[in-house]
Amino acid sequence: MTEDKAISDSTSYRLAAVMDVGSTSIRMEVAQINRDGAVCTLDSLSQSVAIGSDTFTRGRISRSTIEECVQVMRNFSAVLAEYRIDPVRDIRIVATSAVREARNRDEFLDRIYMATGMNVEVIEGTEVSRLTFFGIRPLLSANRVLQGGHLLAAEVGGGSTELLGLEDGRVSFAHTYRLGAYRLSESMAAQQGSDARRREVLDMEIEAGVRQCRETLTGVSPRPALLLMGSEARLAAKLADREWDEKALLELRVPELARLAERMLAMGPEQIVRMYHLALEEAQTLGPALQVYVKLAGLFRLKRVFVCGVTLRDGLLAEAATGNAWTDDFVEQIFSSVKEIGRKYSQDEAHADCVTQNALAIFRAMQSEHQLGVRCEVILRVAGQLHEVGMFVNSSGHHKHSQYLIENSEIFGLSEQDIQMAALVARYHRRAFPKSSHPGYASLPREKRLTVSKLAAILRAADALDRSHTQSVRNIKVSMDDRQLMIEPSRTGEFGTEKRALVEKSKLFEQVYGRRVVLCTKRK
């Protein structure tokens, strides 16, 4: 959204529009955002497309499907014009796995832009999880049944399944799996033999995918509350309760969900199209998606699940309403999931906390020098919390192991580049300085490479301040002049180990900031 669309003193609301380019359809919502942040939907549009069918069977989006998408977006643009919303500047458009995995995705994005002026943003699973959290947050606040204990929000899409875990309202993990309803339906359709054999193949693939989910869900309660999202879950809710309001939460018994899944799989797509007036693309994914939900519920031996009407577009609108996604509450959600990753790798949590706190104190004291914003502060915090997770693999070269583990972790709320930068900062907490020959570092733009160096220099100094792993140097006061950065601990002591470590580990800091780091001990 552009700045000139902000709510002015003379108005009480503004208009916003978001669009989701998915596996089976393109959907758009137009909403009114009030001054208090309340979102009121004015218009919802949906048009079926076969992007998922193309990508997950042939690996690329066909020319005819691309042109169909162009026409859909042109039609949506006409609606936006009626609301006096600029279809080029004042809408956020995101695309998920069906576009992301297409070999010709750049061709698709370029054609859409050339034909409509619309810029489609391809988002990763981490971004989907972040938007999912924004979307369901009001639902969590309004429903006590979802509060307290473990909650698992699940959405089976065309190409992937997204799982978002919360514990007592705090995000504990966000995972993406290549377990998509379109992939499953195509695998079943491609199987030679009887209907029974095709069904057997489907069940085997779902079982394998759900088993992978179970293996990665460490620390989850044996029986979490399971919240189902996605178009197939919403349709299941409507079939179970014709009066269901999508703004409300519906409780669905698992046996009832299982019977519905069996009925959809037995009917086949063509019969579903005729009976329920769905597009073929939606009918193809209905049975497999519901069966995945059934198997997930069975994995935790649940007797009931909950269905909500929250969509990816709700998350986009919620973000537009806040104006700034990096609120204090959101940042704390990020670190709730980061803490879980640290515990997974049995790291020294007290040391990680101490290093992180000291790094933040230095970062904030040097704000005028490095001129980095809240996003970079978050990256530093992530690196500080996880800089020694590589010890789980081996103490020798653990900084490189830390880089690998962070790069391959799905950290809630962070983009792939954010995670890569955090991994590099952690990697440079010891040993070699950043070099253009190092994997990952060289691929970053110059500005991001400088940011990594700035943050790594701070993390090295902070790590030296707890070289003994005793947390003796903490709650520090930081000051600086033209030549030195002075650190004063809150307690008295000699701190010989930390002083010696600081001599060696602050060399990168001197190189980056032109200042020595000095630990000024108090006299008794």
Side-chain angles (χ1 to χ4, degrees), residues 22-24 52-53 55-59 96-98 100-102 124-126 128-129 132 150 152-165 172-224 226-233 236 254-255 257-266 268-269 281 283-302 305 344 405 408-410:
S23 298
T24 62
S53 180
T55 298
F56 303 133
T57 55
R58 295 183 289 275
T96 49
S97 59
R100 184 172 66 239
E101 295 183 25
E124 303 291 337
T126 51
V128 173
S129 297
T132 296
H150 285 86
L152 190 62
E155 179 168 359
V156 180
S160 60
T161 292
E162 312 286 343
L163 295 182
L164 178 65
S172 54
F173 63 82
H175 296 315
T176 301
Y177 307 89
R178 284 174 60 88
L179 179 64
Y182 238 131
R183 297 185 201 276
L184 293 168
S185 65
E186 292 297 336
S187 295
M188 187 168 59
Q191 177 62 42
Q192 300 294 324
S194 64
D195 289 345
R197 176 54 184 162
R198 283 193 285 272
R199 175 58 190 278
E200 182 182 356
V201 168
L202 174 69
D203 286 340
M204 287 173 59
E205 293 206 12
I206 293 176
E207 290 283 358
V210 170
R211 187 163 55 249
Q212 181 191 13
C213 295
R214 174 71 271 187
E215 290 170 355
T216 59
L217 299 184
T218 56
V220 177
S221 166
R223 293 195 177 180
L226 182 59
L227 178 65
L228 309 186
M229 304 173 62
S231 57
E232 290 85 1
V254 172
L257 179 63
R259 288 192 295 270
L260 181 59
E262 288 294 336
R263 190 162 79 243
M264 296 300 108
L265 289 169
E281 290 80 16
Q284 287 175 323
T285 61
L286 182 56
L290 296 184
Q291 189 69 354
V292 173
Y293 289 131
V294 170
K295 294 296 185 181
L296 279 173
L299 183 66
F300 297 102
R301 300 177 184 175
L302 301 177
V305 295
K344 174 182 177 181
L405 292 176
N408 288 276
S409 295
E410 292 180 282

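Position 1 is the first residue of the sequence; numbering continues from there.
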Going by the salt bridge (Lys or Arg N to Asp or Glu O under 4.0 Å) test, which pairs reach into residues 186-196, not counting sequence neighbours?
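For residues 186-196: Asp195-Arg198.
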
Looking at [X] and [Y], what are the two nearest heavy atoms and their distance?
X: Gly22; Y: Ala98; result: O-CB, 4.3 Å
X: Gly125; Y: Arg100; result: N-NH1, 4.1 Å
X: Val254; Y: Leu302; result: CG2-O, 3.3 Å
X: Pro288; Y: Leu202; result: CB-CD1, 4.3 Å

Partner set under side chain to side chain contact (heavy atoms under 4.5 Å, CB included) for [X], not counting sequence neighbours:
X: Asp203; value: Arg199, Gln291
X: Ala102; value: Thr55, Ile61, Asn104, Arg105
X: Ala154; value: Leu163, Leu226, Tyr293, Leu296
X: Thr126; value: Glu124, Ile419

Qualifying residues under side chain to side chain donor-acceptor pair (under 3.5 Å), relative to Thr285, sequence neighbours excluded
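Testing Thr285 for side chain to side chain donor-acceptor pair (under 3.5 Å), a comparison that skips the adjacent residues, returns Glu232.
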
With Arg259, which residues qualify under side chain to side chain donor-acceptor pair (under 3.5 Å), at least two apart?
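Residues passing side chain to side chain donor-acceptor pair (under 3.5 Å) with Arg259: none at all.
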
Are any of the side-chain heavy atoms of Glu262 and Val294 separated by less than 4.5 Å?
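Result no, sub-4.5 Å side-chain heavy-atom pair not found.
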
Ser97 versus Phe56: any side-chain heavy-atom pair under 4.5 Å?
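Yes, side chains in contact.
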
Would you be so kind as to tabulate the donor-acceptor pairs closer than 3.5 Å made by side chains of residues 176-184, with sequence neighbours excluded?
{"residue": "Thr176", "atom": "OG1", "partner": "Glu162", "partner atom": "OE1", "Å": "2.6"}
{"residue": "Thr176", "atom": "OG1", "partner": "Glu410", "partner atom": "OE2", "Å": "3.3"}
{"residue": "Tyr177", "atom": "OH", "partner": "Thr216", "partner atom": "OG1", "Å": "2.5"}
{"residue": "Arg178", "atom": "NH1", "partner": "Glu101", "partner atom": "OE1", "Å": "3.1"}
{"residue": "Tyr182", "atom": "OH", "partner": "Gln284", "partner atom": "OE1", "Å": "3.3"}
{"residue": "Arg183", "atom": "NE", "partner": "Gly159", "partner atom": "O", "Å": "2.7"}
{"residue": "Arg183", "atom": "NH1", "partner": "Glu101", "partner atom": "OE1", "Å": "3.3"}
{"residue": "Arg183", "atom": "NH2", "partner": "Glu101", "partner atom": "OE1", "Å": "2.6"}
{"residue": "Arg183", "atom": "NH2", "partner": "Glu101", "partner atom": "OE2", "Å": "2.5"}
{"residue": "Arg183", "atom": "NH2", "partner": "Gly159", "partner atom": "O", "Å": "3.1"}

Qualifying residues under salt bridge (charged side-chain N to carboxylate O under 4.0 Å, His left out), relative to Arg223, sequence neighbours excluded
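For Arg223 there are no salt bridge (charged side-chain N to carboxylate O under 4.0 Å, His left out) partners, ignoring immediate neighbours.
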
With Arg263, which residues qualify under salt bridge (charged side-chain N to carboxylate O under 4.0 Å, His left out), at least two apart?
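For Arg263, no residue satisfies salt bridge (charged side-chain N to carboxylate O under 4.0 Å, His left out) once neighbours in sequence are set aside.
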
How many angstroms lie between atom OG of Ser172 and atom CG of Leu152, to the nearest 0.5 angstrom?
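Result: 8.5 Å between the selected atoms.
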
Roughly how far, to the nearest 0.5 Å, is OG of Ser194 from CD of Glu200?
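The OG atom of Ser194 is 8.5 Å from CD of Glu200, to the nearest 0.5 Å.
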
